[in-house]
Amino acid sequence: MKKRKAKRSSAKRPVRLKKTMSGKASPKPAKNVHFLTNKKSAGKKPLPTDFRVLFESAPGLYLVLEPDLTIVAVSDAYLKATMTTRKGILGKYLFDVFPDNPDDPTADGTSNLRASLDRVIKKRVPDTMPIQKYDIRKPESEGGAFEVRYWSPLNSPVLDPNGELSYIIHQVTDVTEKALEEEKFRAVLEAAPDSMIIVDDRGLILLANARTLDLFGYQREELIGQPIETLIPQRFRAGHPQHRSQYTHSPKTRPMGAGLDLYALRKDRSEFPAEISLSPMRTAGGTHVIAAIRDVSDRKRLLEEQNRRMQEANRLKSEFLANMSHELRTPLNAIIGFSELMYNEKVGPVSADHKEYLGDILTSSRHLLQLINDVLDLTKVEAGKMEFRSEDLDLPSVVNEVKDILRGLSGSKSIQVEVQSDPSLTTVHLDHSKFKQVLYNYLSNAIKFTPEKGLVTIRLAPDKPGMFRLSVEDSGIGIRKEDIPKLFVEFQQLDAGANKKYAGTGLGLALTRRIVEAQGGQVEAQSEFGKGSVFSAVFPLRWEEETHGR
Amino acid sequence: MAGEPILIVDDNPVNLKLTRVLLAQEGYDVKTAGDAEIALELLQTFKPKLILMDIQLPGMDGLELTRRLKAVPETRSIKVIALTAFAMKGDEEKARAAGCDGYIAKPIDTKSLPQVVAEMLKPAKEA
């Protein structure tokens with residue numbers, strides 16, 4: 001009754017008192033507040049005598065209990081937060097007025113509170129409770145439903161001079177907003193399609209989402225507090241703590257082990273290929289790391305499958321081209337052979353017209369044969385089936401050989417072919433016939449595109465260390481700048497006008513490029529339209545076929 | 001010099017004819033077979049010094065036929081030149097492994113074929 005009276009009298013005050021306390025320069029003390037003038041603290045603001053008023057008005061959630069858990073005092077904030085009235089709870093047994101939500105069978109708020117209070121009663125020391133989820137019953141006037149709040153309660157004993165427990169102050173910090181944020185964070189974590197794990201600075205697992213449990217086959221309790229190395233295959237474990245500490249030294253969001261194949265270990269000791277990204281998370285307890293782990297088995301399988309299919313398709317293509325070349329060459333064999341027989345008058349004399357037309361058949365069929373051979377060669381290089389046999393070769397004599405082969409062509413146009421060879425270059429180690437093929441392609445092109453009485457120069461010079469450069473310069477029609485990139489591409493012949501006059505297969509330079517690259521070299525072309533071109537190939541001085549991939 | 005017996009085995013009748021005409025013009029005693037079976041039958045009575053062997057034949061291929069001929073004392077001494085249009089890596093090695101004495105990639109050169117044949121027959125004559 002007393003308590004109730006006190007409470008009721010105080011119930012009117014808080015508004016005014018709060019005003020006083022918040023309005024710093026209030027000139028008049030509130031009507032019902034009395035001040036003591038303490039001699040010792042002269043000059044200071046006098047303290048109010050009615051501590052109950054102060055207590056009840058204090059911004060904070062407080063409940064004062066007697067050791068038998070009867071509620072003897074409560075702050076206004078507490079009443080507001082619990083949607084109760086002072087009249088409704090003062091003098092009542094704590095658990096009569098704050099029961100568990102009967103609709104929630106998992107509610108354990110009261111039993112946790114009871115345990116904490118028991119500890120305070122027994123040990124007489126403050127007891128901080130873990131964050132509690134409370135369902136607060138709304139007043140009947142508001143429908144009486146329950147509202148969820150997250151409270152962080154602290155129970156402190158108030159002892160009398162004999163050290164006996166006289167009261168317990170139950171202080172509550174409402175952490176609902178924070179808890180809801182945390183809940184949101186957890187919900188995001190749980191909703192993630194990847195396994196998400198938070199690891200502390202010692203490498204222990206603090207948190208793992210549901211996907212982690214699915215993926216690794218563990219129960220949550222089996223993982224929390226365990227070293228993250230638990231999830232790493234044995235063969236990678238030893239090095240991992242070092243990687244971790246490196247990460248903590250320069251923490252930033254990045255994929256883990258970029259460019260490496262990562263594997264993760266399930267509880268049943270099976271492994272799966274994983275993609276892992278790491279993000280630092282700064283907390284009061286040090287820098288934690290969030291690891292997002294994705295099982296990439298399916299993707300890997302798909303890629304491997306695609307790769308296998310591509311290789312198969314490529315193999316089929318090469319096989320098809322090889323077979324086609326064979327099929328094309330067989331009838332061509334007869335066409336060329338019989339034309340030659342007649343052209344050479346092995347089967348009797350032919351008229352001049354016959355001979356001319358037989359010559360045309362021969363020229364055309366040989367061109368066709370060259371095309372087929374080039375296609376087959378390209379296929380062979382692509383399929384890695386072109387044979388390379390490196391041997392010592394004497395550059396000046398190879399150059400003269402090729403020059404001799406083309407003497408007929410250059411002579412017929414009165415084109416002068418010059419050779420400028422650096423004396424330091426004599427013997428190199430390359431595939432003899434392939435080198436000849438490259439020079440032949442360059443030189444025959446140069447002669448073809450140079451007008452009568454023009455000049456073609458073959459140059460041999462040292463290049464980058466371990467390399468030399470073969471270049472063929474002509475004084476021909478030149479190539480437009482925009483056309484240069486097309487030069488070494490299959491069937492990319494330049495404009496139709498030139499094409500008709502200078503018939504080629506459209507494969508020669510593409511093949512040249514492949515042959516040069518297969519021997520670790522590279523091709524280049526420079527040109528000035530209307531003035532001439534320089535085609536080069538940079539070769540290693542020594543090349544062994546074993547060093548080539550296939 | 002001429003008149004030496006030569007057998008040509010090729011399943012393509014036109015190519016067979018071309019080779020035959022070329023070598024007959026050189027004066028060789030030329031016989032032909034369209035497949036391995038016919039060749040084996042012919043060899044019962046015809047004893048050539050040299051065989052121009054197309055590798056790709058229907059049924060028993062040229063490599064197998066060469067292996068058989070090289071396994072038998074009566075035919076072992078016959079020179080075999082493999083003929084193939086399938087100039088892929090390893091073809092020549094395969095031909096040599098089967099016991100072929102020479103290898104010519106098609107299309108045959110009407111100028112060089114008689115030379116190759118003459119060359120091949122020379123050491124046989126001296127031996």
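Heavy atoms only: backbone and side chains are in, while hydrogens, waters and symmetry mates are out. In what follows, every chain begins at residue 1, and chains take the letters A, B, ... in the order their sequences are listed.
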Contact summary for N15(B) and A334(A), nearest pair of heavy atoms: OD1-N, 3.3 Å
Using atom types as modelled, flag every donor-acceptor pair under 3.5 Å from a side chain in residues 31-46 of chain B to any protein atom, sequence neighbours excluded.
residue, atom, partner, partner atom, Å
D35(B), OD1, E37(B), N, 3.0
D35(B), OD1, I38(B), N, 2.9
T45(B), OG1, L42(B), O, 3.2

Within 6.0 Å of CZ in R309(A), more than 12 heavy atoms from elsewhere: no
Atom CZ of R469(A): over 12 foreign heavy atoms under 6.0 Å: yes
Contacts of I55(B) that satisfy side-chain contact (heavy atoms from CB on, under 4.5 Å) - sequence neighbours left out: L63(B), A82(B), T84(B)
Qualifying salt bridge (charged side-chain N to carboxylate O under 4.0 Å, His left out) pairs, either residue in residues 8-20 of chain B, two or more places apart: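 Of all non-adjacent pairs touching residues 8-20 of chain B, those that pass salt bridge (charged side-chain N to carboxylate O under 4.0 Å, His left out) are D10(B)-K106(B).
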Worked verdict on F338(A) versus T110(B) for side chain to side chain contact (heavy atoms under 4.5 Å, CB included): CA-CA 9 Å; F338(A) 284 113; T110(B) 54; over 6 Å; no
Proximity of residues 339-352 of chain A to chain B, residues having a non-hydrogen atom under 4.5 angstrom: E340(A), L341(A), N344(A), K346(A), V347(A)
